Amino acid sequence: MSTHSNHPFHLVDYSPWPLTGALGTMILVSGLVKWFHLFNINLLIIGISIVLLTMIQWWRDVTREGTFQGLHTFTVTMGLRWGMILFITSEVFFFISFFWGFFHSSLAPTIELGATWPPMGIVPFNPLQIPLLNTLILLTSGITVTWAHHSLMENNYSQALQGLFFTVILGIYFSILQAFEYMESPFTIADTIYGSSFFMATGFHGIHVIIGTTFLLICLFRHYLNHFSAIHHFGFEAAAWYWHFVDVVWLFLYISIYWWGS
């Protein structure tokens, strides 16, 4: 099929991946419900497998279109930039809802909570232990991803590779520490509004860290294969924007929920 056209836009070919992605997500969520109620993970594993296979093949197609077929023109790239900006904006409002719920309950705790915050019986985390370490890890990862970005713009292949590598390692380290924190937690998601607010906000942030780490891992692999240049690397730039968003959200989480809220 010829890729030549008389316009700068990208009219995508027919693709099965939106359909398989939707089906995989439905099966994954159904598997979660089955796991919660019946303690059976068979359906969950099938859903995760379909989603992962869809991700791999969809990203492969996008990489081929943008890198080898030259379909990501300046006009297309500007559309992608605005799409990513609007997506991150929607994510900001997503987290605002959790902060709204947290401050609504913490600024004027009801009599059912003991008229105090944290509520009666809740032992909060020490903000100077794992939460502070995780803050330092994410701030450092923000520095390394910026280092990688500037190295890429200066055509410094090795330093961009190193910066991306360290960012991915720090992202994985953060997730491991948060998992350890959850296992050691003295309260659960069912323990008053404090437990619900804490685990919903930090849990969704943790999911975003895993997603961002995956994005950057794909960018690391693509950079290793020389897919990026100083003037054509929006895939990496979008991942860097997303990672900085994750950093900023964590700072608000740490200051409000871990430090002020404890």
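Residues: numbered from 1 along the sequence shown. Since the model is a prediction, treat every value here as computed from it, not as a measurement.
Proximity of Tyr254 to Trp260: side-chain heavy atoms (C-beta onward) are nowhere separated by under 4.5 Å. Within the 4.5 Å cutoff, the side chain of Trp35 has no heavy atoms near those of the Asn40 side chain. Residues Val145 and Leu216 have side chains in contact (heavy-atom distance under 4.5 Å, counting atoms from C-beta outward). In this structure, the side chains of Thr213 and Phe174 stay at 4.5 Å or more apart for every pair of heavy atoms.
Note: Trp241 and Phe234 have perpendicular aromatic rings, judged against thresholds of 30 and 60 degrees for the angle between ring planes. Classification of the Phe125-Tyr258 ring pair by plane angle, with boundaries at 30° and 60°, yields tilted. In this pair, Phe204 and His208 present their aromatic rings perpendicular. The plane angle is above 60°, beyond the 30 to 60° band. Taking the six-membered ring where the residue is Trp, Phe99 and Phe103 present parallel rings, their angle staying beneath 30° rather than reaching 60°.
Between Thr135 and Leu251, the shortest heavy-atom distance links the atoms CG2-CD2, 3.9 Å. The heavy-atom pair separating Val209 from Ser175 by the smallest distance is CG1-OG, 3.7 Å. Nearest heavy-atom pair, Ala230 versus Asn155, reported as atom, atom and distance to 0.1 Å: CB-OD1, 3.6 Å. The shortest non-hydrogen separation linking Pro119 to Thr192 is CG-OG1, 3.6 Å.
For Phe221, the CZ atom sits in a loose shell: 12 or fewer heavy atoms of surrounding residues, nucleotides or ligands are nearer than 6.0 Å. Other residues, nucleotides and ligands contribute over 12 non-hydrogen atoms within 6.0 Å of the CZ atom of Phe199. Crowding of Leu225 atom CG: a count of heavy atoms from other residues, nucleotides or ligands under 6.0 Å exceeding 12. Within a 6.0 Å radius of CH2 in Trp259, no more than 12 heavy atoms belonging to other residues, nucleotides or ligands are found.
The distance from the CD1 atom of Ile46 to the CD1 atom of Ile41 is 11.0 Å, given to the nearest 0.5 Å. Atom CZ of Phe165 is separated from atom CG of Leu170 by 10.0 Å, given to the nearest 0.5 angstrom.
Side-chain polar atoms of Trp58 and Ser15 form no donor-acceptor pair below 3.5 angstrom.
Under the 4.5 Å side-chain contact rule for hydrophobic residues, Ile176 and Val168 share a cluster. Using a 4.5 Å cut-off between side-chain heavy atoms of Ile, Leu, Val, Met, Phe, Trp and Tyr, with links allowed through other members, Ile207 and Val29 fall into different hydrophobic clusters. Under the 4.5 Å side-chain heavy-atom criterion for grouping Ile, Leu, Val, Met, Phe, Trp and Tyr, Tyr242 is not connected to Ile210 through any hydrophobic cluster. No path of Ile, Leu, Val, Met, Phe, Trp and Tyr side chains, each step under 4.5 Å between heavy atoms, connects Leu139 with Leu177, placing them in separate hydrophobic clusters.
For the ring-ring contact (aromatic ring centres under 6.0 Å, His included) with Phe102, the qualifying choice from Phe252, Trp117, Tyr194 is Trp117, the only one to do so.
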Could you go step by step and tell me if Trp250 and Phe95 meet the ring-ring contact (aromatic ring centres under 6.0 Å, His included) rule?
-> CA-CA 10 Å; Trp250 175 259; Phe95 278 99; over 10 Å; no
